[in-house]
Structure formats: C-alpha cells, structure tokens
There are 2 protein chains.
Amino acid sequence: MGKMEFHTDITRQRKALDPCFEPCPIERGMRVIGGKWTGSILWHLKDHPVRFNDLARQLGGASKKVLNDRLKQMEENKLIKREVISTKPFAVCYEITDFGRTALDFLEALKDWSLEHRI
Amino acid sequence: MGKMEFHTDITRQRKALDPCFEPCPIERGMRVIGGKWTGSILWHLKDHPVRFNDLARQLGGASKKVLNDRLKQMEENKLIKREVISTKPFAVCYEITDFGRTALDFLEALKDWSLEHRI
DNA sequence: AAAATAGGTTACAAAAAAGTAACTGGTTGC
DNA sequence: GCAACCAGTTACTTTTTTGTAACCTATTTT
C-alpha cells in the first residue's frame, strides 16, 4: 500500500550496463531532421530556392503557421537560409544551405526505405 | 547571389507545380522510425535481444510507460518482436526483426551525421 | 474601388506526446 | 515474511505540437 521509497540498500540493485542519460546522437539527429515537415521541406528545396507561398502550396496540408514555425526552426538549425529579395513587390526565398545538403543523402535513403517496404 | 531561379515566377501561376497532399515517403518513414526513443531502442537491440527492465535502465530517461508505449508501437510496425520465455521466473525479451534490421544502416548514417556535425 | 496576392502574425483550440506516481501479481532471495 | 525483482498497467497531469481562423501591411491586377 505504501509507496516504495528508495532505501539505502544498494547492494541488491541491478545496474545498467551502459545507461545513456544524455540523448544519444541518433536522438539528437532526429530532433534536427525528424520534425514534421522538416524532411519534406528540405526535399522541396533541393533543386532550387522556393518562395514561401509556393512552398505552402506544394506542401498542401501544412498551414502557414506550421510552415513558418518549421522554417524558422530550420533556419536556426542552419538547414536553410531565408533571403529577402527587395524587388518592387518584395519576395522571400528559402534555400537549402550546404549543411542542409549534407542531410539529403540520408533523406533519400529514408525515402527509398519507405518505398521499398511500402510504408 | 548567382542564379535566382523561381520556378513559379512573377507570372500569375496560382497552382502548385507538384503539391503533395498525402504525406510523402519521407514523412511516412519518419513516422515509423522517427518517434522519440525509437531509434535508440532499435540501436540497443542490434546486437542481442534485451529484456524490458534492462532496456529501461539503459535508456535512463524513458519511463516505463513511455518505453512500453514505444515498444508496442514498434512491435506493431514490425521493427521488433516481443518474446516471452517461460522459465520459472518468466522473462520477456525484445529482439530486432529482419525488417528492423533494414533500418540500421540508415540509423548509423544519422548517428554519423550527428557526430560529424556536432549535433 | 474591390479583390487577390505576398509574407507573414496573433489568439486560441485541439490533439498528440510525454511524464508521474501508484499499483498489480507473481517470484526469488534472505 | 519482507524486501526487491520482473514486466508491466492505470489514472492522471503536464507539456509540446499542430491546426484554425482572422487579421495585417503593402502592392497589383481587374
């Protein structure tokens, strides 16, 4: 009935062989690249920069807010770069960075894996 | 700045070139492999099956509930297999499936990417 | 002048994920 | 016979993520 508080008897406690208290590299990588839409956005930018509303249309399903949140996060993580072009009606372009490009192989592998296993 | 290719330019094209209404393979793959702890769990199982509480200790940080939820989901997705060994004090082992194994290359690539870029 | 476009922002609601603590029911070792 | 182990389950609560809709400033087309 009573709660089992942690007694001083450590002798019988089993220890983990290799506990990972910190998120491991896999977890950390997933946080950067695994967010919803992140992969898709990067994929859409791989050939050329894309403008905000075009991206919104291409990713039919992501709202402007979500898209905007994600773009900001991706910019912070240096996966993409936001560029304002001061033409008469100003335009904004999002383009993939060199760093962002380093994730493409990996995303392609994921894409192939998904298709291969009909996920 | 170089080339500035707008694929939908200042021409009034209000249609997306290739809208993806369905989640694309990258998104779908992420849903299977990208959940919190999923990658780590698979990684811990790659060499040999591991028992529930050992896994819990190794992944110091995941509660039993979360671990259990994740294991069930991973079993549903056929990434792992739950096996009950009916010894006197019964034991439960989680082991990676052949399918789960197909994701390891990809996870290793992610791990290397994270380490390489100090993520 | 009205409507539509660009590139967002804001306030709020809903849903999903994650975490906490207690509890179960059986077993083993002391 | 009590504590600790195994492998969870249950009942919540908290946090995070995601989505909806309206709004904004400025320009441009009809």
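Below, chain A is the first sequence line, B the second, and so on; all start at residue 1.
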Asker: Is it the case that one hydrophobic cluster holds both B:Val32 and A:Leu115, taking links as side-chain heavy atoms less than 4.5 Å apart, direct or via other members?
Answerer: no
Asker: With a 4.0 Å limit, can you tell me whether A:Arg57 has a side-chain N or O closer than that to the phosphate oxygens OP1/OP2 of C:dT5?
Answerer: no
Asker: For the pair B:Glu27 (side chain) and A:Trp37 (backbone), establish whether a donor and an acceptor sit closer than 3.5 Å, ignoring hydrogens and angles.
Answerer: yes
Asker: Quick one: do A:Met30 and A:Phe99 end up in the same hydrophobic cluster if we chain Ile, Leu, Val, Met, Phe, Trp and Tyr together by side-chain heavy atoms under 4.5 Å apart?
Answerer: yes
Asker: Distance check needed: C:dA18 P versus B:Trp37 CH2, whole Å only.
Answerer: 10 Å
Asker: Sub-3.5 Å donor-acceptor pair from the side chain of A:Ser114 to the main-chain atoms of A:Leu110, do we have one?
Answerer: yes
Asker: Would you say B:Arg51 reaches D:dA7's phosphate, i.e. side-chain N/O to OP1/OP2 under 4.0 Å?
Answerer: yes
Asker: B:Asp69 CG to D:dA11 P: how many Å, rounded?
Answerer: 14 Å
Asker: Rounded to whole Å, how long is the line connecting atom CG of B:Leu67 with atom C1' of C:dA21?
Answerer: 17 Å
Asker: Distance-only check: which donor-acceptor pairs under 3.5 Å involve side-chain atoms of residues 66-84 of chain B, not counting sequence neighbours?
Answerer:
residue, atom, partner, partner atom, Å
B:Asp69, OD2, B:Lys65, NZ, 3.3
B:Arg82, NE, B:Tyr94, OH, 3.4

Asker: Can you measure A:Ile85 atom CD1 to C:dG7 atom C1' for me and round it to whole angstrom units?
Answerer: 12 Å
Asker: Please report the distance, rounded to the nearest Å, between CZ in A:Phe90 and P in D:dT25.
Answerer: 13 Å
Asker: Over all strands shown, is B:Ala91 touching base, sugar-phosphate only, or nothing at heavy-atom distances under 4.0 angstrom?
Answerer: sugar-phosphate
Asker: Report the distance from atom SG of B:Cys24 to atom CD of A:Gln58, rounding to the nearest 0.5 Å.
Answerer: 11.5 Å
Asker: Report each atom pair, protein N/O against N/O of nucleotides 8-15 of chain C, whose distance is under 3.5 angstrom.
Answerer:
residue, atom, partner, partner atom, Å
C:dG8, OP1, A:Arg82, NE, 3.2
C:dG8, OP1, A:Arg82, NH2, 2.5
C:dG8, OP2, A:Tyr94, OH, 2.8
C:dG8, N7, A:Lys64, NZ, 3.1
C:dT9, OP1, A:Lys72, NZ, 3.3
C:dT9, OP2, A:Asn68, ND2, 2.2
C:dT9, OP2, A:Lys72, NZ, 3.0

Asker: Using whole Å, report how far CG of B:Leu71 lies from P of D:dG8.
Answerer: 8 Å
Asker: Output the rounded distance in Å from CG (A:Leu59) to C1' (C:dG7).
Answerer: 16 Å
